[in-house]
Amino acid sequence: ATGKAARDMYMRAVAADVQKCAMDVRTLSWAPGPMDTQMMKEILNTCPDDEVLKQFQEMEKQDRLVKLVDSAEKLMKLLKEDSFQNAAHIDFFDV
């Protein structure tokens, strides 16, 4: 959570800086969803924290792990639509 909050703040700071410079740049903080990756498999097999493990197991059981291509496709759609606010935080499940 701390890393995600830092990323959001960084994107807002970059957006503010480029606006001051009158640059035509917008930022977006994309939350890709809980990705179905090798790292997720490692977490499911080795996580020592029972509460965290339970959360990830529940996501897997409910088929809520996101395929890389699905997240990338939603992000590309969002970028092509070009309607997001500068420095916005947008989650995979909100698109």
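Here, residue 1 is the first one in the sequence, and each next residue gets the next number. As the structure is a computational prediction, the values presented were derived from the model and not from experiment. When reading the values below, keep in mind they use all heavy atoms of this one structure, side chains included, and skip hydrogens, waters and symmetry mates.
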Considering non-hydrogen atoms only, spot the tightest contact between Ala15 and Thr27 and give its length.
->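 The answer is CB-OG1, 3.7 Å.
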Shortest non-hydrogen contact from Ser29 toward Arg7 | OG-NE, 2.9 Å
Of all pairs that satisfy side chain to side chain donor-acceptor pair (under 3.5 Å), the ones with a partner from residues 46-55, not counting sequence neighbours = none
Start with the C-alpha distance between Phe84 and Leu79, add both sets of side-chain angles, then the distance that settles side-chain contact (heavy atoms from CB on, under 4.5 Å), and finish with yes or no.
-> CA-CA 8 Å; Phe84 61 90; Leu79 293 172; 3.9 Å; yes
What's the separation between atom [atom1] in [X] and atom [atom2] in [Y], rounded to the nearest 0.5 Å?
| X | Y | atom1 | atom2 | value |
| --- | --- | --- | --- | --- |
| Asp91 | Trp30 | CG | CH2 | 7.0 Å |
| Phe92 | Leu75 | CZ | CG | 11.0 Å |
| Gln85 | Ile90 | CD | CD1 | 9.0 Å |
| Gln19 | Asn86 | CD | CG | 7.0 Å |

What donor-acceptor contacts under 3.5 angstrom involve side-chain atoms of residues 34-44, with partners at least two apart or in another chain?
residue: Asp36; atom: OD1; partner: Lys41; partner atom: NZ; Å: 3.4
residue: Thr37; atom: OG1; partner: Met39; partner atom: N; Å: 3.3
residue: Thr37; atom: OG1; partner: Met40; partner atom: N; Å: 3.3

Residue of the set Val66, Val69, Asp94, Val95 for which side chain to side chain contact (heavy atoms under 4.5 Å, CB included) holds with Lys74 =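 Exactly one option meets the side chain to side chain contact (heavy atoms under 4.5 Å, CB included) with Lys74, and it is Val95.
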Lys67: what forms a salt bridge (charged side-chain N to carboxylate O under 4.0 Å, His left out) with it, not counting sequence neighbours?
-> none
Criterion side-chain contact (heavy atoms from CB on, under 4.5 Å) on Val18 and Asp24, from CA distance to verdict | CA-CA 8 Å; Val18 297; Asp24 186 24; over 6 Å; no
Tell me, please, whether Phe93 has Arg64 positioned over its six-membered ring: NZ or CZ under 6.0 Å from the ring centre and within 45 degrees of its axis?
->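 Ring-cation test returns yes.
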Can you establish whether the number of heavy atoms outside Gln57 located under 6.0 Å from its atom CD is more than 12?
-> yes
